[in-house]
Protein chains: 2
Amino acid sequence: MEKQTITIYDVAREANVSMATVSRVVNGNTNVKADTRKKVMDVIEKLDYRPNAVARGLASKKTTSVGVIVPDVTNIYFSSLARGIDDVATMYKYNIILANSDANDQKEISVLNNLLAKQVDGIIFMGNEITDNLRAAFQRTRVPIVLAGSVDEQNTNPSVNIDYVKAVKEEVKVLLDHGNTRIAFICGPMSQAINSKFRLLGYKEALKEAGIPYDENLVFETNNKYREGLELKDQLIEAKATAAMVTDDELAAGVLNGMTDAGIVIPKQFELVTSNDTKLTEITRPTMSSITQPLYDIGAVAMRLLTKLMDKETVEDKEVLLPFGMMKRDSTR
Amino acid sequence: MEKQTITIYDVAREANVSMATVSRVVNGNTNVKADTRKKVMDVIEKLDYRPNAVARGLASKKTTSVGVIVPDVTNIYFSSLARGIDDVATMYKYNIILANSDANDQKEISVLNNLLAKQVDGIIFMGNEITDNLRAAFQRTRVPIVLAGSVDEQNTNPSVNIDYVKAVKEEVKVLLDHGNTRIAFICGPMSQAINSKFRLLGYKEALKEAGIPYDENLVFETNNKYREGLELKDQLIEAKATAAMVTDDELAAGVLNGMTDAGIVIPKQFELVTSNDTKLTEITRPTMSSITQPLYDIGAVAMRLLTKLMDKETVEDKEVLLPFGMMKRDSTR
DNA sequence: AGCAAACCAGTAAGCGGTTACAAATACATA
DNA sequence: TATGTATTTGTAACCGCTTACTGGTTTGCT
């Protein structure tokens, strides 16, 4: 009892016009007389006709789908971006094909190829490490790709971010102003440019301007996991850190709770600043001061940028930096 | 300089075979002589040929894409499910087209139609309120649809869940065992069957067995937002509640922090149990006791079920209930 | 009225694959 | 060697839609 699908032919027959005409009204082509249009629309309505997007895609070479590559949707930083992407995509009649990559080079490439095979019209990539392989794969396709909340030191692709160097620098300065001289820098994988080339730089610059020597023992590289943050307390104490700049909220929550559990009073004895201003910053106790980033907007702007690229509009500014801010909450004095 | 794509024809020509043969080797059809296969594979390799999934989809009427409708990816409960779905989908060579619905009837229906127009092979639906309109739309298509972490009282679609009635009942019993007699039930929209028909029922049953009368004033309906939980403190105090069963972790975090901010010591003066065992339960202080649900697995199993349905395998058990548990943390005594 | 321009609608050739069916080749057996 | 069968491969129709091109109607203007 396969319910057979009705095609453009059925509509054409029923409306006594050619399929070309039906196609025209479906696509809003203006070269159709008003009453013909009406007649066709009525039949479409009556037959509950819905054009087959696959056939359309094949014929027009546009699928109105964009691929979204994300390390892990479960991470609220990325899901926030994804939400912005989806909303704007919907606005422009695109669908998103979402794929988790676990920030794994191999997966990223296989996922990318997969997406390209599906003929997506564009791709939004999140994940901060752009390996040479990946960059090469990016280059090999003519499908526009934009990076969201992710930097590539070589800037081969359009991207939407905030100025991480400056943001970190300013927050570290706040910490310095409070009299801290031993400020820890707790970040994700240094293999990611965003950490090693940008945020760390901001941290160093702030120290430098304050005339405080950079101390490697105050730098902690992690995998951005809550649990890792939790377990950092002893090292932090041993390093005599009195404050920390953390690059991920989950990680920061771990650090916060770990220190608190160790009996350290925050912010009195230890100040902490995090980076992404996700919901988590409000949920922890004490709440966490943070660099504020317009996460949703980063996604939204990236998608908007992508639509322009897909329409072959010329975009002047391919490297968008959105404004950031600082939100003081209870983890700083 | 449009980099032209290479098609199955190019491969056929280059390998001196017909396109049918190429198609066969690409699809792993066994009716191909070993050396022909080799020859074709070499050309595919050499030309870096990747079959056009859209054309394939049109010809074979299978897109290897499944639609995933989710209220909001930003909610960690749903993103956890989504992650399970994606992983299993990838395992079975499917891609997921993700769409946020904001749990809004209108959007859900438009998104559904959209997905169907894209010819997805199946759909996973999350969102607990299945309106008649939506149910009708579900019924109208022959594309298999499974509900993940979402119930429909009328059970018109296969689904994967835990036994919410029982889970809530057991947790409330724990609270009762601790001597609480005024236990609040704080939930999301009652328009969602999962709250009004299942969890509330579990709550009532537990009370009944304990011989405690049901008191409407102890039931709080919200929209599952952190902020709402935060603001519930006065009402909770006024209702003389000494414990609460909460149906969403973000909401619970709000309640927890609200009460704490109001000077109530948890769990000494107020006990709290939440429902989804997401990362949040570990991040709050005190940590939150929770019903444990295999969120990732619910998504994974739902997707696996869907693959069976898409393959037209007969599935005996269309209403999967996964095991749940209880995790005692610091928000209960 | 006559003719060009503007407007509408139809025809048919793809888009890049899958697949039923036919044809060709290989292999086995008598 | 002839014949039957099994195995490979090729041919071509079709999936449902877009769109270039063509031709028929209207409309506007002299």
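So that the names make sense, note that chain A is the first sequence line, chain B the second, and so on, each numbered from 1.
Regarding contacts with the backbone of D:dC17, a side-chain N or O of A:Y49 is found under 4.0 angstrom from either OP1 or OP2. Contact annotation: B:T36 side-chain N/O to D:dT9 OP1/OP2 distance is under 4.0 Å. Taking side-chain N and O atoms only, B:T21 has no distance below 4.0 Å to OP1 or OP2 of D:dT9. Between D:dT18 and A:N27, a contact under 4.0 Å exists linking OP1 or OP2 to a side-chain N or O.
Environment of CD in B:E313: crowded, with over 12 heavy atoms of neighbouring residues, nucleotides or ligands closer than 6.0 Å.
Along DNA chain C, the nucleotide closest to A:N16 and the one closest to A:Y9 are compared, and the more 5′ of them pairs with A:N16. Along DNA chain C, the nucleotide closest to B:V54 and the one closest to A:R37 are compared, and the more 5′ of them pairs with A:R37. Nearest-nucleotide assignment on DNA chain D puts the 5′-proximal partner with B:D35, out of B:D35 and B:A59.
Among D:dC17, C:dA9, D:dT19, the nucleotide with an atom closest to any side-chain atom of A:A20 is D:dT19.
No side-chain donor from either of B:D152 and B:N157 sits under 3.5 Å from a side-chain acceptor of the other.
Contact check on A:R135 versus A:D132 returns a salt bridge, with a Lys/Arg side-chain nitrogen under 4.0 Å from an Asp/Glu carboxylate oxygen.
Looking only at distances, a side-chain donor or acceptor of A:D121 sits under 3.5 Å from a matching main-chain atom of A:T64.
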